[in-house]
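Heads up, the thing below is written out as structure tokens.
Reckoned from all heavy atoms, side chains included, excluding hydrogens, waters and symmetry mates.
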Amino acid sequence: MRKLTLCLLVAVAVLASLTSPAAAQTTLRVVMHSDLKIVDPIWTTAYISRNHGYMIYDTLFAMDAKGEIQPQMVDKYEVSPDQLTYTLTLRDGLLWHDGTPVTSEDCIVSIKRWGAKDSMGQKMMSFVRDFTVVNPQTFRMVLKEPTGLVLQALGKPSSNVPFMMPKGVAETAPNEQIKDFTGSGPFVFKPEEWKPGDKAVYVKFAQYKARPEAPSGLAGGKVAKVDRVEWRAIADHQTAINALLGGEIDVIESPLHDLLPVLKKDTNVKLVDINPLGNQYTFRFNTLHKPFDNAKVRQAVFYAFNQEDFLKAVIGEPTYYKACKSFYPCGSPLETTTGMEDLLGSNFAKARQLLAEAGYDGTPLVLMHSTDLAVLANLAPVAKSLMEQAGLKVDMHSMDWQTLVARRAKKEPPAQGGWHAFLTSWVAADILNPVMMGFLNAGCDQAMFGWPCDQEIESLRDQYARETNPARLKGIAEAVQVRATQYPTHIPLGQWFQPMAMRKNVDGMIQAPVTVFWNVEKKGR
């Protein structure tokens with residue numbers, strides 16, 4: 001009898017362990033577009049770091065599915081009649097992952113760090129006179145003159161996102177990387193499980209207080225419906241596809257376009273496009289060093305390029321791309337071809353003429369080539385071919401994306417580890433206007449890597465920032481675009497679209513310009 005009782009007790013214990021919360025935990029396994037190596041989303045604009053930021057941090061405001069800015073960490077805010085004082089009050093119950101309350105002081109220091117680094121933040125901060133702590137949950141921002149930028153900037157959806165961090169973390173110099181990853185968002189980062197090249201792990205923050213509204217874009221309630229999210233690093237695309245088809249992983253953020261037909265055939269997999277405005281390919285100049293210190297040489301590249309060659313080489317299937325001769329996304333309010341009519345047509349004769357007028361002496365261009373991200377890998381070879389047909393000499397340096405991200409921050413001459421140019425992609429939500437568009441920042445040392453320096457572009461961007469009449473914004477944006485063809489900071493190379501692939505038991509993926517994992521459910525296998 002005692003043996004029977006003992007067996008029953010063991011059986012009950014085993015059953016309890018199987019039905020315990022730990023055993024019932026839901027894990028979402030995801031292959032992201034890139035391996036996570038840099039975990040400071042203010043220090044870098046890299047999208048994998050931005051996505052990491054949305055996992056663990058929160059924002060004061062956020063952009064909803066209609067493109068409107070809504071309060072997020074903020075409970076309420078007031079704007080004075082003269083439009084110079086913004087008073088912001090935080091929601092009750094906001095906690096850092098270590099259990100301490102989020103305070104006004106944390107937010108002020110976070111805004112300042114972000115505002116020193118981000119192009120839109122820099123412009124907003126140029127209007128700010130000072131900040132004042134009213135109480136632990138309320139603070140004021142006083143402006144020197146009115147601007148329509150404040151809410152747009154604090155609700156900026158993509159890189160660099162104004163994530164709130166604890167005061168002690170946010171006091172890190174903007175050009176130094178943080179070493180403490182305490183956030184207040186719906187998930188907690190597990191640095192002890194982070195293995196670059198293998199995985200990054202996030203667990204649900206049980207004390208996170210979500211807004212009561214339904215999620216909409218990046219706004220509304222951020223409810224974590226899975227207990228654990230693992231970002232798995234699988235560099236080989238076919239291996240990742242096989243893992244998804246076999247149920248070993250649940251989501252692939254950026255499946256190779258060539259392999260989409262394979263995914264469409266599997267009844268257990270679905271394709272979901274969460275970003276209808278898509279993305280824009282971009283060629284970025286470094287204006288510090290010869291020959292791209294000469295605007296005519298940069299204009300020559302504008303004439304030599306055409307968008308179709310780039311889009312075909314990377315995306316291939318016309319369903320997922322379109323030519324768009326506009327700095328601002330096609331389909332967005334500021335879309336325009338003004339100033340772009342004769343450009344991007346592979347007019348090599350015109351390009352060679354400009355090179356001759358500029359006195360180009362055959363200096364080889366160091367073109368950085370990202371090899372490990374499929375949506376970027378074929379861009380640099382196309383650029384090299386078109387530039388060489390125009391008469392430029394090109395020295396292409398191949399490297400993985402994270403190495404490129406680190407190298408592009410260097411101002412040294414190309415012969416000493418610097419660079420002349422690289423290609424990347426911007427999500428449409430990052431380039432909706434000339435203040436938001438980081439590559440249009442022509443503020444010299446204050447500009448992003450590439451460091452363009454043009455007073456006329458900056459004057460126009462200032463006009464855009466000061467303008468409070470929406471009807472006048474389009475004309476200013478067009479003027480910025482025209483000037484950016486005369487003093488090129490970068491070249492837009494067309495729009496492309498990326499569906500995600502996921503198992504059919506995964507649901508709730510939010511339509512937004514950023515891949516986020518709140519509201520996502522995983523039911524069974």
Side-chain angles (χ1 to χ4, degrees), residues 41-42 53-54 56-64 68-118 120-157 160-172 174 178 180 182-186 205 207-213 215-216 218-222 465 468:
I42 304 302
Y54 270 109
I56 69 172
Y57 301 114
D58 215 339
T59 57
L60 295 174
F61 295 87
M63 183 180 286
D64 68 15
E68 298 174 356
I69 303 299
Q70 305 292 349
Q72 188 58 34
M73 295 172 76
V74 167
D75 177 40
K76 60 182 179 180
Y77 68 95
E78 296 176 359
V79 184
S80 62
D82 62 4
Q83 305 292 301
L84 293 179
T85 301
Y86 285 71
T87 303
L88 292 78
T89 300
L90 300 174
R91 294 191 285 127
D92 291 333
L94 298 180
L95 297 175
W96 297 113
H97 293 156
D98 61 9
T100 59
V102 177
T103 69
S104 298
E105 203 170 6
D106 296 320
C107 296
I108 290 172
V109 179
S110 295
I111 292 170
K112 288 180 177 178
R113 183 173 190 256
W114 161 79
K117 193 75 174 175
D118 177 71
M120 196 171 189
Q122 290 172 2
K123 193 63 68 180
M124 185 199 81
M125 289 297 290
S126 72
F127 287 86
V128 175
R129 184 180 303 280
D130 58 39
F131 292 91
T132 304
V133 174
V134 178
N135 59 51
Q137 283 185 260
T138 303
F139 65 97
R140 290 196 182 100
M141 180 165 58
V142 181
L143 307 181
K144 303 170 190 173
E145 58 181 301
T147 173
L149 282 185
V150 173
L151 299 185
Q152 292 292 324
L154 294 179
K156 187 174 186 277
N160 298 94
V161 180
F163 292 120
M164 296 298 104
M165 299 179 180
K167 177 178 179 289
V169 178
E171 286 174 335
T172 304
I178 61 172
D180 182 327
T182 303
S184 67
F205 181 37
Q207 294 173 280
Y208 180 77
K209 184 178 180 181
R211 292 191 68 89
E213 304 94 345
S216 174
L218 296 169
K222 299 180 178 181
T468 55

Closest non-hydrogen contact found for N160 with W114 is O-NE1, 3.0 Å

So which atom in P215 and which in G221 form the shortest heavy-atom distance, rounded to 0.1 Å?
CB-O, 3.6 Å

Can you give me the closest heavy-atom contact between T59 and P162, atom names plus distance?
CG2-O, 3.9 Å

Output the distance between atom CD (E68) and atom OG (S216), rounded to the nearest 0.5 Å.
8.5 Å

Not counting sequence neighbours, which residues clear side chain to side chain donor-acceptor pair (under 3.5 Å) with D58? List them please.
Y208, K222

Ring pair (Phe, Tyr, Trp, His ring centres under 6.0 Å): pairs with one or both residues in residues 71-91, sequence neighbours excluded:
F61-Y77

From Q70 atom CD to D64 atom CG, the distance as rounded to the nearest 0.5 Å:
4.5 Å

Step-by-step side chain to side chain contact (heavy atoms under 4.5 Å, CB included) determination, L143 to V128:
CA-CA 4 Å; L143 307 181; V128 175; 4.0 Å; yes

Test your reading of the model: is there a side-chain donor-acceptor pair from D118 to the backbone of I42, 3.5 Å cut-off?
no

Going by salt bridge (charged side-chain N to carboxylate O under 4.0 Å, His left out), name the pairs with one or both residues in residues 69-81, residues two or more places apart or in two chains.
none

Are the side chain of H97 and the backbone of Q207 linked by a donor-acceptor contact shorter than 3.5 Å?
no

Supply the atom-to-atom distance M141 CE to F127 CZ, rounded to the nearest 0.5 angstrom.
11.5 Å

Between E105 and F131, does the side chain to side chain contact (heavy atoms under 4.5 Å, CB included) criterion hold? Intermediate values first, please.
CA-CA 9 Å; E105 203 170 6; F131 292 91; over 6 Å; no

Shortest non-hydrogen separation from S104 to L90 and the atoms involved
N-CD1, 4.1 Å

What's the spacing between L94 CG and Q137 CD if we round to 0.5 Å?
7.5 Å

Pairwise distance CD(Q83) to OG1(T147) - rounded to 0.5 angstrom
10.5 Å

Throw together a table of side-chain donor-acceptor distances under 3.5 angstrom for residues 165-172, partners on residues two or more places apart or in other chains.
| from | atom 1 | to | atom 2 | distance (Å) |
| --- | --- | --- | --- | --- |
| K167 | NZ | E171 | OE2 | 2.6 |
| T172 | OG1 | V169 | O | 2.7 |

Check the pair K209, D92 against side chain to side chain contact (heavy atoms under 4.5 Å, CB included), reporting the backbone distance first and the verdict last.
CA-CA 9 Å; K209 184 178 180 181; D92 291 333; 3.9 Å; yes

Closest heavy-atom pair, V161 versus P157, reported as atoms and distance to 0.1 Å, is CG2-O, 3.5 Å

Paired with F139, the side-chain contact (heavy atoms from CB on, under 4.5 Å) test is passed by just one of D106, T89, I111, T103, namely I111

Aromatic rings F163 and Y57: how do their planes relate, parallel, tilted or perpendicular, breaks at 30° and 60°?
tilted

Please test R91 against R211 for side chain to side chain contact (heavy atoms under 4.5 Å, CB included), starting from the C-alpha separation and ending with a verdict.
CA-CA 9 Å; R91 294 191 285 127; R211 292 191 68 89; 3.3 Å; yes

Can a donor-acceptor pair be found, under 3.5 Å and without considering hydrogens, that links the side chain of Q72 to the backbone of G220?
yes

Among residues at least two apart in sequence or on other chains, which ones pass side chain to side chain donor-acceptor pair (under 3.5 Å) with T182?
D180

Residue pairs passing the salt bridge (charged side-chain N to carboxylate O under 4.0 Å, His left out) test with at least one member in residues 135-154, sequence neighbours excluded, are E145-R466

Rounded to the nearest 0.5 Å, what's the gap from CG on L149 to OG1 on T468? Could you check?
11.5 Å

Within a strict 4.5 Å, meaning less than it, do heavy atoms of the M124 and L154 side chains meet?
yes

For residues S184 and V102, report the shortest heavy-atom separation together with the two atoms involved.
CB-CG2, 3.9 Å

